[in-house]
Amino acid sequence: MCGIVGYIGNEQAAPILLDGLEKLEYRGYDSAGLAVYDGTDIRVMKATGRLKVLSELSHGGAMLPGCAGIGHTRWATHGMPSDTNAHPHFNKDESIVVVHNGIIENYLKLKKLLETRGYQFVSQTDTEVVAHLLDYYYQGDPMEAIVKVMQRVEGSYALGILFKDHPEEMYAVRKDSPLIVGKCAHGSIIASDVPAVLKYTRDVFFIQNEEIVRLEKENIAFFNIDKEEIQKESTRIEWDVNAAEKGGYEHFMLKEINEQPKAVRDTLNPRIKDGRIVIEELGMTPEEVAAIRKIYVVACGSAYHTGVTAKYVFEGLARIPVEVDLASEFRYRNPILDEGTMVIIVSQSGETADSLAALREAKKHPGVRVLGIVNVVGSSIAREADHVMYTWAGPEIAVATTKAYSTQLIAFYLLAIRFAQDRGKLSEAEAGNLIKELQRLPEQIEMLLANKERIQRFANRYVAAREIFFIGRGIDYAISLEGSLKLKEISYIHSEAYAAGELKHGTISLIEEGTLVTALLTQEDLYKKMISNIVEVQTRGAFVLAVTNVGNTEIEKASDYVIYIPKTNPYFTNSLAVIPLQIFSYYVAIGKGCDVDKPRNLAKSVTVE
Ligand code: AGP
């Protein structure tokens, strides 16, 4: 996610901003910038790349004298990483400057409105729309302009704002993106997260949605959207800096597991307009979609597992044949790719060597469309694909993917429904019902996250396990693949996932007394088959953990421990069933004392073959 820092006080602002941004580097970014009021004008410096580049460019901030300023580290969502797209962003006469963390979902509509009123844009960002909209509404009263902007924009934002003709003030406002405020000995400070302010104060104010903050050297005032002043209590931060970078979580992986509701919302909501799925970035007409005769999904690791789910969802809803390939196999098997084939490359990092090579192999074949489902904006796969659909999970730091995986599933659900409608396989009403189910997923994930203690207690029983198996049929097989990988990559316990129907073809010989078998039962039409598979392993001594839909209490007679997931459409159950499996793996690994965020032998992005 982006990082915001702002300061107004008696000290030089720029060094404080750089120091604060450095404490937010863990949030992931690809460019950075500063804006400082020098007594006459607001001056801006920005640089693509690491913060060090900006620090050197500004001579540690000395090139930007002044005691009021805002700074930003940008994680690109709209527009490639570049100096132009880096924040801060100005209005047209450079009298207003903004930094932003979040996604303005209706920025295109607002941009068109402003362009008809003569506004010109220099960047591809959604944030620049905020700068010009403030200009559009500004009549001399910053608060008035801010409130009007809040009433027009949709989506998530944390904003730091300076108005040149109010040099003694700095403003901040948030909705759904984090923002904190601190009072320090020599001034006032805003930031996206606690680490940026701990050097100056441990007493912070957590800003709530649609609260506006006016900061002055000596005073901080809070207002609601009706511009009524409100009183707020500060919170004493006891964390050490290292803990604070993880938002108070012990590990990035746990933080990212808990960020999944927001990541799913951020990936889903901008693509649902008036109850319909709109994937603007796809750039394909319904006729072009209807002309697709076959889809290949090509990826590695967990991204590959989302492809296994996608096969069931696309074939079920859109009736398009789907083949799922490991990128490291696809690139060498001289695939038969005809006109009318779409190859979907899925990659969190967008830099995985095998997946990038598979993309280049696909592009050798005339008439093949390549779509990238990628989390890192401007990454190699994003740049080389014919079309890109970004997952807005924000930067994922832990090696074991969780939130990016969940947002890749969302991207596939959206595509499958859109393709099914364009091919006449799904009515508006049917699509509308599926969309409603999708929109419930974030809150259902929150419900599962709230239940993590029970899963933690169960995980503690398997810290010494030598091997753990995962079985399932259909989409449950895809979930088993991901559950098994999550466990083995961070706990180093041997684990395998099997299509449950395969047990009798050899695997069942591995079952011994007490072997843990995790059975996925989210596909109601396969319950009975799964029950017989559970009995097969239980009679050979297995301890069966069942993950199934709430209400399927029958399973309690056939298994030793049950975790229920909320009811959703059968095509979407992976998004819910994977949550307890992530939590289980995390706590088993913790129990074993493993380095959860950086497991041995693994890298976050495998950029070599
Ligand atoms: C998953 O937890 C692993 N980190 C790994 O399997 C990963 O999914 C795989 O390397 C693909 O990475 P990508 O999504 O960045 O291409």
Side-chain angles (χ1 to χ4, degrees), residues 28 251-257 259-260 263 267 297-310 324-331 343-360 362 370-385 388-412 470 478-493 495 497 574 578-579 581-586 588-589 594-609:
H251 297 99
F252 280 112
M253 184 176 176
L254 187 59
K255 178 168 179 280
E256 289 155 10
I257 286 172
E259 286 176 338
Q260 290 181 105
T267 301
V297 179
V298 183
C300 302
S302 294
Y304 167 78
H305 297 157
T306 64
V308 180
T309 293
V324 193
D325 258 298
L326 289 168
S328 52
E329 292 296 309
F330 179 86
R331 62 181 293 195
V343 176
I344 302 179
I345 307 286
V346 194
S347 176
Q348 186 286 130
S349 62
E351 301 297 346
T352 298
D354 284 322
S355 304
L356 183 56
L359 177 150
R360 290 168 178 164
V370 178
L371 166 66
I373 295 180
V374 183
N375 195 43
V376 178
V377 174
S379 55
S380 303
I381 288 172
R383 275 185 283 109
E384 297 190 26
V388 182
M389 184 173 180
Y390 284 117
T391 51
W392 287 321
E396 194 174 61
I397 312 292
V399 165
T401 182
T402 49
K403 62 176 184 172
Y405 171 87
S406 288
T407 56
Q408 288 162 359
L409 289 174
I410 295 297
F412 275 125
F470 294 75
I479 304 171
S480 301
L481 288 168
E482 179 58 13
S484 176
L485 176 60
K486 277 289 94 43
L487 178 76
K488 57 188 154 187
E489 72 173 321
I490 62 174
S491 72
Y492 316 144
I493 292 175
S495 172
N574 191 334
V578 77
I579 303 298
L581 301 185
Q582 293 168 345
I583 296 167
F584 173 74
S585 300
Y586 173 78
V588 168
C594 296
D595 181 350
V596 171
D597 285 338
K598 299 186 186 69
R600 69 187 181 198
N601 311 333
L602 293 179
K604 181 58 185 168
S605 176
V606 183
T607 54
V608 294
E609 287 192 35

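Start at 1 and go down the list; that is how both ligands and their atoms are numbered.
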Looking only at protein heavy atoms, which one is nearest to [atom], and what is the separation?
atom	value
atom 10 (O) of ligand 1	V606 CG2, 4.1 Å
atom 15 (O) of ligand 1	S349 OG, 2.7 Å
atom 4 (N) of ligand 1	V399 O, 2.7 Å
atom 1 (C) of ligand 1	S302 OG, 3.0 Å

Is the closest side-chain heavy-atom distance between [X] and [Y] below 4.5 Å?
X	Y	result
S347	E351	no
Y492	P599	yes
S380	L356	yes

Looking only at non-hydrogen atoms, the one of A299, A353, C300 nearest atom 9 (C) of ligand 1 is C300
I need the atoms of ligand 1 closer than 4.0 Å to a non-hydrogen atom of [X], numbered in the order shown.
X	result
K486	1 (C), 2 (O)
A400	2 (O)
G301	6 (O)

Has ligand 1 got any nitrogen or oxygen that is less than 3.5 angstrom from a nitrogen or oxygen of [X]?
X	result
E489	yes
Q348	yes
L485	no

Quick check on side chain to side chain contact (heavy atoms under 4.5 Å, CB included): which of T402, L485, I257, I490 does S585 satisfy it with? I490
How close do [X] and [Y] get, counting heavy atoms only, and between which atoms?
X	Y	result
G394	N375	O-ND2, 2.9 Å
Q582	M253	O-CE, 4.3 Å
S406	V578	OG-CG1, 4.4 Å

Intermediate values then yes/no, side-chain hydrogen bond (donor to acceptor under 3.5 Å, both in side chains), T401 and Q348: CA-CA 8 Å; T401 182; Q348 186 286 130; over 6 Å; no
Taking atom types as modelled, is there a side-chain donor on N574 or Y405 under 3.5 Å from an acceptor on the other? yes
Contact region, T352 to ligand 1, non-hydrogen atoms below 4.0 Å, reads side chain
Heavy-atom contact check, 4.0 Å cutoff: does E351 meet ligand 1? no
